[in-house]
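Here the structure comes first, spelled out in C-alpha cells, and everything after it is commentary.
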Amino acid sequence: MLQEDEVYIGAKAFLKANGWTLLGGQPPSGCNHLPVIEIKDPNRVSIGSKGAYKPDLVAHRDGVTMIVECKPDFSKMDEAKLLGILSDAGKRRELYNEMLKRNLFKRHRVQVGQEEFDAKLRGALAHSGSARSHGSLLILSIVDMEGGGQALCPAGDPVFKGLFQRR
Amino acid sequence: MLKYSIYCDNRVEGLWFKGLSASLSAATLHLIGGRGSNPSVVDDLVRYDRPDIILLADEKPVMVVEKTREVPTGHNVGQRIARLVRAVESNVLTIKFFPFDARKHGTYSGVCNLNIRLLEAFAAMTRIHRVPILAVNWPVDTHGELVDDGTEDDRVKAVVDNYLKTSHDNGCGEIRAQQKIMDDEYKARLARRGAYARPPGSVVSMLSKSLDGYINGTSQKEIRARFMSRPNTLLYQIGMTPENCKRQDPYTGMQFIYDYLLCRNGADPADKHTNLVLRFPNLTREEWYKNNPNNPNTKSCNWYITANGFWFKDGLDLLR
C-alpha cells in the first residue's frame, strides 16, 4: 500500500494525465505549487483558519469541479467530510467564493458560474487500497506515483462520462 | 561522478527539489526520520528542527532548502529559522524559497510584505559563518497570488543548478547574483520603510550592570563574570503567560534574528559583543522550566541554544 504523500503525488499525476486541471490543494504535509483553498465554517465565530477544511486537491474538467481527498486506504472519515461539504449549500458557496477570490478559474481559463459549479461539484476519494466503487463518490484507485491507476465512477452519475479518457 | 541523496520531510517537496536540476536526475530520495534514525550527518542537521530538504553528495551535506508559501511577516518571521541556523552553523549552503510579498486571504485580505530584518539577519549569518544563506523570492501575479505555472522556480533552479555544476562553489555566479538581489531588495524596502533600521518594540537594550541585582545566586561565577564583561545586554521581551507557556514559535526563531543582528560576532553562540537575555515578565522560573525543558529530542531545546540568560518574574538565570 502507498503512503499518503505517494497517493497525493499519484492522484495529481493521474488527474493530469486524464486531462484534468489542478486548481488548488494542499499536500498531506509541506507545500507544493498549488494554492491552498480553505472552506471556512459559515457559522464560525473566530477569525483565522481554525476549523477550516482544506481539500487535498481541487481539480476541474469540462465544467465538473472535483474535491479529492487522499489516504493510503479507503477512509470513512474522508467520505463523511466530503459528503458533508457536497450536501451543504453554504459550504459549496464558500468554496466557490474562495476559488473566485483566489482567481483560480480565471488563471486557468475555466468558465463556470455558481449554478453550474453547484450542479457539477463532485467528490473523490483517492487511495491505494482495493479498487471498489463506493456510493456517490468517485474512487481514484492509485497504484503508483507516476499516474498509474483507475477511476471508478459512481453508478448512475452521468457527469463523469468521458472525463477519464487520457488525452 | 558524485552520488546525490535527497533527504526530505515529505516526497512532494523531495520530488520538487529533484526537478530543479538535471544534476539531480539520478539522486535517491529518502524521508527524514526521527532523530537517531538517520545517517549521522543528517541527524546533526536536524538537531534543532527539521528542514524540508537536505542534499548529500557522497554522504556529505552540501545544501539545505526550506520552501514555504508564507510571507515572513508578523509572527511568521521567526518560524523555521532554527533549522536554517543549524545548517549555516554546519557550513552548509542554505536556501529559503518563499514569497517576499503575497496576498493573505481571510477576513482582512491584503498583500503582506517581507519583514526585511530577515534579509539583514541572513547577511549577518553569511558573514559570521562564512557560508551563504539565501532568500529566493517566490514571485506573485498582479493580484498578489503566488505564481504556480512552473516559472516560479526559475530563480531557485538557476541557483541550485549553478551551484551543483560548479562542484558546490559557494561563490558561483548565481549565488553572487542572488546575494545582490537580496541586498537590492533590502535597500529598496528600507528606503520605503525606515523603521526596519531600528529594533522593534519587543527588544530593549540596557546596561549589563543594571541587571546585577536580579541574577539568581545559582549562576556560576565564571558565567556571571563573562556576562558582566559585556557592557550591554539586549532584552527580548516575550509575552508568554502561565496559561500559554509551552511553545517555541515564533520566539525561538526571533531570538536568532535578534542575536545575529544585534549581539553576535562569532560562530559560537558564546561569541557575542552584547548579551542576549530572553525576558518573561509574566512567568516564574518554575512555570517556565516545567513547560520548556532542555530536551534534545524536542524543539523545546531551541530555547537554550544561544541566549545568555532567561529573566523571569523571580530572577535572572544565566546560561552561558
Side-chain angles (χ1 to χ4, degrees), chain A residues 2-13 16 21-42 44-52 54 56-58 70 72 94-95 97-109 142 144-147, chain B residues 6-20 29-33 50-53 65-71 74-76 79-80 83 96-99 102-111 138-154 156-157:
Chain A
L2 301 176
Q3 302 285 308
E4 190 171 346
D5 57 351
E6 293 173 315
V7 172
Y8 178 86
I9 294 164
K12 273 171 66 176
K16 274 163 77 174
T21 302
L22 301 172
L23 302 180
Q26 188 176 44
S29 64
C31 78
N32 69 4
H33 68 288
L34 294 173
V36 179
I37 303 169
E38 282 187 15
I39 306 174
K40 296 199 172 77
D41 182 349
R44 73 190 183 277
V45 284
S46 61
I47 59 167
S49 296
K50 212 171 174 182
K54 297 174 187 173
D56 289 347
L57 289 168
V58 178
C70 303
E94 174 83 13
L95 173 61
N97 289 338
E98 282 299 306
M99 293 174 73
L100 272 188
K101 270 191 227 163
R102 287 169 166 78
N103 274 345
L104 297 183
F105 298 120
K106 203 169 151 189
R107 286 174 86 171
H108 294 279
R109 295 187 182 86
I142 303 300
D144 57 37
M145 292 196 289
E146 282 75 49
Chain B
I6 299 167
Y7 281 78
C8 54
D9 203 22
N10 67 69
R11 291 177 188 85
V12 177
E13 285 160 349
L15 288 173
W16 164 78
F17 180 73
K18 190 175 175 174
L20 293 181
L29 213 62
H30 312 263
L31 289 180
I32 301 173
R50 186 193 291 223
D52 291 333
I53 302 289
V65 178
E66 187 68 24
K67 179 188 183 189
T68 176
R69 305 176 65 87
E70 302 275 351
V71 180
H75 270 193
N76 290 328
Q79 285 174 358
R80 305 159 184 267
R83 62 191 79 169
K96 183 173 179 182
F97 178 50
F98 64 96
R103 181 169 295 278
K104 185 176 160 55
H105 288 275
T107 313
Y108 305 105
S109 175
V111 173
W138 184 332
V140 293
D141 64 17
T142 50
H143 189 247
E145 303 291 351
L146 296 184
V147 170
D148 61 1
D149 60 4
T151 60
E152 72 273 17
D153 293 334
D154 287 354
V156 72
K157 264 182 186 168

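In what follows, every chain begins at residue 1, and chains take the letters A, B, ... in the order their sequences are listed.
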So which part of A/E4 gets closer than 4.5 Å to some heavy atom of chain B, the side chain, the backbone, both or neither?
neither
Can you label the angle between the B/W138 ring and the B/F97 ring as parallel, tilted or perpendicular, going by 30° and 60°?
parallel
Check the pair A/E6, B/R11 against salt bridge (Lys or Arg N to Asp or Glu O under 4.0 Å), reporting the backbone distance first and the verdict last.
CA-CA 7 Å; A/E6 293 173 315; B/R11 291 177 188 85; 3.4 Å; yes
Note: B/K67-B/D52 ion pair, threshold 4.0 Å (strictly below)
no
Please state whether the side chain, the backbone, both or neither of B/D141 comes within less than 4.5 Å of a heavy atom of chain A.
side chain
Option in B/R69, B/E13, B/E152 with maximal non-hydrogen atom pairs under 4.5 Å from chain A
B/R69
Heavy-atom count check: over 12 atoms from other residues, nucleotides or ligands less than 6.0 Å from B/K104 NZ?
no
For each of A/M145, A/E98, A/H33, tally heavy-atom pairs with chain B at distances under 4.5 Å, and name the one with the top tally.
A/H33
